[in-house]
There are 2 protein chains.
Amino acid sequence: MSAPSDRARVKRYNHIAAYDAQTIHSILDAMPLCHVGYVFNGSPYVTPTLQWRDGDRIFWHGSSASRMLESAETQDVCLTVSLYDGLVMARSAYNYNINHRSVMVFGKPEKLEDPAEKEAQLRNFVNKTIPGQWERLRPVLPKELKATTVLSMQLTEASAKLRAGHTDDEDDADFPVWTGVIPVRYEIGTPEANPGNLPGVEMPADALKFRIG
Amino acid sequence: MSAPSDRARVKRYNHIAAYDAQTIHSILDAMPLCHVGYVFNGSPYVTPTLQWRDGDRIFWHGSSASRMLESAETQDVCLTVSLYDGLVMARSAYNYNINHRSVMVFGKPEKLEDPAEKEAQLRNFVNKTIPGQWERLRPVLPKELKATTVLSMQLTEASAKLRAGHTDDEDDADFPVWTGVIPVRYEIGTPEANPGNLPGVEMPADALKFRIG
């Protein structure tokens, strides 16, 4: 994965910047929620949507009628994934920070045109949330595939930023205030059954494998 | 709060769109992490950062050397806040969804120039995470205020999207598959003390009031 040469960011904090595939993949896999930035009529838009990864490609989908997807097809986008891992209590407001992981991916998306490939990636999307769930669902219809746009980008121009651990404001080490980290993580609750379920249908045990973070 | 007239979005799902201040404020207050979209050299960028609200204004800050903030000062931005509230297991892949809350704010940011106002808002930022924490910290220095840019927008062009509850795919109600919701929420861990703390400094009880979500 190459560094985003002319798009390098100036950062205030002593973060770790990473461009290796393993770090970038692990962050993308941890958080399906992403924010896609695109330009429409000269103005920026940031739309939350769900992403998934297959090898060195990232995917997202939506209605074929979506303005976001239509715009994204024809121009550069920036797709960002972030996790809030903790509040870093420092000795000064200036050093207040959060522990976090984030990835930015730049590129021009490609639209999946082959229905078989589209279906394979939607299966991938569903089964990454709950293993085997695609096979349990009412099979996808051709008209649904048609109404769904799947976009994809290769993870060539991507970078990660990470921060972990306590404050590094040693300059203020003599100031008598407590410092520490308040950890934040995603808690997955017990699955709640839809009262509209048919009698006798049972929750797949795989539903308990759903994780975020 | 007015609807974003020419920026209305086409949505696939049966979400609730809301433009009332109470809904928008409650989502912004629940999630400090935001994604700011801006255009730089014609390309979109989406940068994760922290936001806070004061009345009908939203604020965010960063290094005065930050390209994002420099770009944002002179042009439109889109600031988006999103929360992942749960996975909605439907009867078909087409109806797979997540429960979520999100807000999009559009506008041209204003830079806070008055050091007193800047300081008041940074105090606001810190004390919204942990009540009274600003007063416990090493006081802010003039050079730190100078090195910090605080941007602000009025919440005039803002909208919220929300989804809650079970799948609404009644068309497939006869298909024998389990449906339900897997709730997701932010869990705040026990604060962890920095081993570099001075002997005798104690964690402020207010640290236990930190919440997200």
Side-chain angles (χ1 to χ4, degrees), chain A residues 10 12 33 35 37-39 43-46 48 62-63 65-67 76-78 80 82 84 87 91-94 96 102 122 126 129 134 136-138 140 144 166 172-173 175-189 191-194 196-198 201-204 210 212, chain B residues 10 12 33 35 37-39 43-46 48 62-63 65-67 76-78 80 82 84 87 91-94 96 102 122 126 129 134 136-138 140 144 166 172-173 175-189 191-194 196-198 201-204 210 212:
Chain A
V10 176
R12 170 180 174 184
L33 185 63
H35 289 79
Y38 58 103
V39 183
S43 291
Y45 287 76
V46 178
S63 163
S66 156
R67 194 189 55 190
D76 283 341
V77 303
C78 171
T80 301
S82 315
Y84 190 132
L87 178 66
R91 295 176 176 94
S92 68
Y94 190 69
Y96 242 64
S102 68
L122 292 172
V126 169
T129 61
W134 176 270
R136 287 182 281 264
L137 296 177
R138 190 265 290 148
V140 69
E144 292 175 340
H166 289 289
D172 288 319
F175 192 85
V177 62
W178 189 90
T179 69
V181 168
I182 308 183
V184 174
R185 67 173 199 93
Y186 280 91
E187 186 182 62
I188 309 300
E192 297 164 359
N194 184 352
N197 282 343
L198 289 178
V201 296
E202 281 189 19
M203 185 188 81
F210 174 62
I212 288 183
Chain B
V10 176
R12 169 181 175 184
L33 185 64
H35 289 80
Y38 58 101
V39 183
S43 291
Y45 287 77
V46 178
S63 162
S66 156
R67 192 188 57 189
D76 283 342
V77 304
C78 172
T80 301
S82 314
Y84 190 131
L87 178 67
R91 295 176 179 92
S92 68
Y94 191 69
Y96 243 63
S102 68
L122 293 172
V126 168
T129 60
W134 176 270
R136 287 182 281 262
L137 296 178
R138 189 264 291 149
V140 70
E144 292 175 340
H166 288 289
D172 290 318
F175 192 86
V177 62
W178 189 89
T179 69
V181 168
I182 308 183
V184 174
R185 69 173 197 90
Y186 280 92
E187 186 183 61
I188 308 299
E192 298 164 359
N194 183 351
N197 282 343
L198 289 177
V201 294
E202 282 190 19
M203 184 187 81
F210 174 62
I212 289 184

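Every chain is numbered from 1 and lettered A, B, ... according to where its sequence line falls, protein lines coming before strand lines. Computed from a predicted model, the values in this text were never measured in an experiment.
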Legend entry - B/Tyr186: partners by ring pair (Phe, Tyr, Trp, His ring centres under 6.0 Å), with sequence neighbours left out: A/Tyr186

Legend entry - Separation between CG of A/Leu87 and CD1 of B/Ile212, rounded to the nearest 0.5 Å: 7.5 Å

Legend entry - Proximal component of B/Ala193, with respect to chain A [non-hydrogen, under 4.5 Å]: both

Legend entry - Distance, nearest 0.5 Å, that separates OH of A/Tyr38 from OG of B/Ser43: 15.5 Å

Inset, instruction - Flag the pair A/Arg91 / B/Val201 as yes when at least one side-chain heavy-atom distance between them is below 4.5 Å, and no otherwise. - result: no

Inset, instruction - With rounding to the nearest 0.5 Å, note down the distance linking CG in B/Leu137 to OH in A/Tyr96. - result: 5.5 Å

Legend entry - Nearest-0.5 Å distance that lies between atom NE2 in A/His35 and atom NE2 in B/His35: 5.0 Å

Inset, instruction - Return the minimal non-hydrogen interatomic distance between A/His166 and B/Glu192, and the atom names on each side. - result: CE1-O, 3.3 Å

Inset, instruction - Against chain A, label B/Glu202 side chain, backbone, both or neither, depending on which of its atoms sit under 4.5 Å from a heavy atom there. - result: backbone

Legend entry - Distance in Å, B/Phe175 CZ paired with A/Arg138 CZ, rounded so as to fall on 0.5 Å steps: 8.0 Å

Inset, instruction - Would you confirm whether A/Ser82, through its side chain, and B/Pro48, through its main-chain N or O, come within 3.5 Å as a donor-acceptor pair? - result: no

Legend entry - Residue selection (most heavy-atom pairs with chain B, distance under 4.5 Å) from A/Gly180, A/Gly37, A/Cys78: A/Cys78

Legend entry - Gap separating the CD1 atom of B/Ile182 from the CZ atom of A/Phe210, nearest 0.5 angstrom: 6.0 Å

Inset, instruction - Check B/Met203 against A/Trp178 and note the closest heavy-atom contact, atom names and distance. - result: N-CD1, 3.3 Å

Legend entry - Closest contact, heavy atoms only, A/Asn197 versus B/Val177: OD1-O, 4.2 Å

Legend entry - Selection from B/Val140, B/Thr129, B/Thr179, B/Val126 maximising heavy-atom pairs under 4.5 Å formed with chain A: B/Thr179

